[in-house]
Protein chains: 2
Amino acid sequence: MIPVYGKVKADLMTDVSDALYLPRFLPYRLTKLAGAVSRSIAGLYSEMFDLTIPEWRIVAILGSHPGMTARDIGPLASLDKVSMSRAIDRLVKAGRLEKRAVTADRRAAALYLTKSGHDVLHRIKPLAQEYEDRLLDDFTVEEIEQLDDFLNRLDAKADELTEFTGKIEEIAG
Amino acid sequence: MIPVYGKVKADLMTDVSDALYLPRFLPYRLTKLAGAVSRSIAGLYSEMFDLTIPEWRIVAILGSHPGMTARDIGPLASLDKVSMSRAIDRLVKAGRLEKRAVTADRRAAALYLTKSGHDVLHRIKPLAQEYEDRLLDDFTVEEIEQLDDFLNRLDAKADELTEFTGKIEEIAG
DNA sequence: AAAAAGTAGTTTCATTTGCAACTATATGCG
DNA sequence: CGCATATAGTTGCAAATGAAACTACTTTTT
């Protein structure tokens with residue numbers, strides 16, 4: 001390892017002023033919160049039902065929209081086609097999902113929950129909802145509505161800002 | 001207007017289907033938002049400075065707290081020791097960081113930004129802050145404070161709820 | 001109707017990540 | 001002191017993820 005007690009070089013000294021206070025930085029906070037929530041809820045799905053989050057999302061969507069194709073579910077679940085393909089594959093193998101041919105397009109498959117798939121959904125749903133309820137336990141209804149609004153607005157802005165970072169990246173080459 | 005979360009939903013509509021409406025499910029929304037924000041900002045760091053998010057976090061923290069060890073930074077940056085080790089390694093190799101022996105504990109290394117490390121921090125910081133500013137562009141000061149409060153409360157709750165999911169997992173075996 | 005272009009979904013391959021084991025040092029305790 | 005336990009940080013390996021190529025089919029163009 002490095003010099004035991006070298007002189008402190010001038011250029012290694014820091015001015016505190018130019019730093020950014022990470023714990024207050026919104027992108028960091030969002031990532032951290034989402035990570036914490038994701039981890040605990042993912043644990044729930046996987047331990048109890050051997051489901052990943054993508055799989056769970058697909059099951060949840062098919063619960064209310066049976067017969068959708070992978071292509072249609074993808075955007076709703078924010079999953080790209082590779083994740084879709086893999087998740088569906090696992091679900092089919094686990095007997096939770098059934099593929100049926102679509103006559104209009106032989107590349108696509110209409111997806112349906114099997115009995116076992118419905119079962120999983122039935123059993124997870126109350127847990128997922130209890131988790132969500134607890135997360136919002138000490139929020140008032142007005143606060144929940146406000147949070148909802150904030151998230152919608154941030155979401156829209158984030159999409160919009162992809163453009164901003166894109167532009168900067170162009171400049172950077 | 002569409003029903004919000006469990007609480008509100010229960011009032012406004014009897015949830016006839018057994019499915020769960022994903023686009024309104026808070027864990028999903030948080031993950032999606034964090035993902036969108038992360039992706040765009042990560043693009044920014046990596047394209048311009050070849051920095052990953054963990055690396056950026058470490059640089060940001062060392063900017064205001066030079067001389068910290070990996071162990072101390074980890075919790076602040078929400079990074080486990082493996083991520084820390086790898087990120088530090090890359091930063092040192094890129095000449096952004098210097099390790100110095102800690103006399104009190106020969107296992108640990110005190111970390112300092114080099115000239116080049118400071119440089120990176122100086123150049124990213126305004127971009128990161130502009131990104132954050134834009135994200136919050138049409139939020140009033142009061143709304144920002146409220147958002148801040150919401151995030152704090154959700155964060156605390158999420159930590160608390162790890163216990164809840166933990167318990168369920170135990171039951172599930 | 002044949003050629004070209006586009007799309008649904010899969011597979012391959014390279015990279016990233018996460019866990020467990022490991023090294024080296026430090027601390028606690030009989 | 002000397003042995004057991006704990007901790008800082010690293011490494012190796014296996015699984016997850018992402019980008020790009022690929023297959024099979026469909027739509028558009030000429």
Side-chain angles (χ1 to χ4, degrees), chain A residues 1-2 4 31-32 34-36 38-40 42-43 45-47 50-58 61-62 67-94 97-112 162 169, chain B residues 31-32 34-36 38-40 42-43 45-47 50-58 61-62 67-93 97-112:
Chain A
M1 239 230 297
I2 324 293
V4 176
T31 303
K32 182 168 173 273
S38 260
R39 257 189 313 281
S40 56
Y45 304 150
S46 74
E47 291 293 320
D50 187 34
L51 276 199
T52 64
I53 285 187
E55 285 163 38
W56 148 249
R57 289 188 191 165
I58 292 169
I61 289 172
L62 286 174
M68 283 188 114
T69 65
R71 188 200 120 71
D72 295 330
I73 296 171
L76 295 180
S78 303
L79 295 170
D80 61 67
K81 62 185 186 168
V82 177
S83 309
M84 284 299 300
S85 175
R86 299 206 252 239
I88 290 167
D89 193 52
R90 254 180 59 92
L91 286 168
V92 169
K93 276 177 183 144
L97 217 74
E98 194 182 291
K99 287 182 176 185
R100 294 195 209 143
V102 172
T103 42
D105 186 340
R106 278 187 294 167
R107 293 167 306 181
L111 302 170
Y112 295 87
T162 305
E169 282 160 30
Chain B
T31 304
K32 184 169 172 272
S38 259
R39 258 190 311 281
S40 57
Y45 303 151
S46 74
E47 290 293 321
D50 187 34
L51 275 198
T52 64
I53 286 187
E55 285 162 39
W56 149 248
R57 289 189 192 162
I58 292 168
I61 289 172
L62 286 174
M68 282 188 114
T69 65
R71 190 199 120 70
D72 295 330
I73 296 171
L76 295 181
S78 305
L79 295 171
D80 62 67
K81 63 185 186 168
V82 177
S83 309
M84 285 299 301
S85 175
R86 299 206 249 240
I88 289 168
D89 194 52
R90 255 181 58 91
L91 285 168
V92 168
K93 277 177 182 144
L97 219 73
E98 194 182 292
K99 288 182 176 183
R100 296 200 208 137
V102 172
T103 41
D105 186 341
R106 277 188 296 167
R107 293 167 306 180
L111 302 169
Y112 295 85

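Labels below follow one simple rule: chain letters A, B, ... track the order of the sequence lines, proteins then strands, and each chain is numbered from 1.
Residue A:S83 holds its OG atom at 12.0 Å from CD1 of A:I53, rounded to the nearest 0.5 Å. If you take CZ on A:R100 and OG1 on A:T69, they are separated by 14.0 Å, rounding to the nearest 0.5 Å. Rounding to the nearest 0.5 Å gives a distance of 11.0 Å between CG of A:L91 and NZ of A:K93.
B:D50 places none of its side-chain heavy atoms less than 4.5 Å from the side chain of B:E55. With contacts defined as side-chain heavy-atom distances shorter than 4.5 Å, the pair A:I73/A:L62 qualifies. Side-chain contact between A:L111 and A:V92: absent, with no pair of heavy atoms (C-beta onward) separated by less than 4.5 Å. Looking at B:V82 and B:S85, their side chains never come closer than 4.5 Å, going by heavy atoms from C-beta outward.
If you take CE of A:M84 and P of C:dT7, they are 18 Å apart, rounded to a whole angstrom. Rounded to a whole Å, the CD atom of B:E55 is 10 Å from the P atom of C:dT17. As rounded to whole Å, 16 Å separates atom C1' of D:dG9 from atom CE of B:M68. In this structure, A:D50 places its CG atom 14 Å from C1' of D:dA16, rounding to the nearest Å. Atom CG of A:L79 is separated from atom P of D:dA16 by 16 Å (rounded to the nearest Å). Rounded to whole Å, atom P of D:dA6 lies 13 Å from atom CZ of B:R107. One interatomic measurement links the two molecules: CG of A:D89 to P of D:dA15, which rounds to 17 Å at whole-angstrom precision.
The nucleotide whose nearest atom lies closest to any side-chain atom of B:R106 is, among D:dT10, D:dC25, C:dA26, C:dA26. Proximity note for A:S85 (side chain, C-beta onward) versus C:dT10, C:dT25, D:dG9: the nearest is C:dT10.
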Is there any protein nitrogen or oxygen under 3.5 Å from a nitrogen or oxygen in nucleotides 18-22 of chain C, and what are the pairs?
from, atom 1, to, atom 2, distance (Å)
C:dG18, N7, B:R86, NH2, 2.5
C:dG18, O6, B:R86, NH1, 3.2
C:dG18, O6, B:R86, NH2, 3.1

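Between B:I88 and A:T103, the residue anchored nearer the 5' end of DNA chain D, judged by the nucleotide with its closest heavy atom, is B:I88.
Using a 4.0 Å heavy-atom distance criterion, A:T52 is classed as making no nucleic acid contact.
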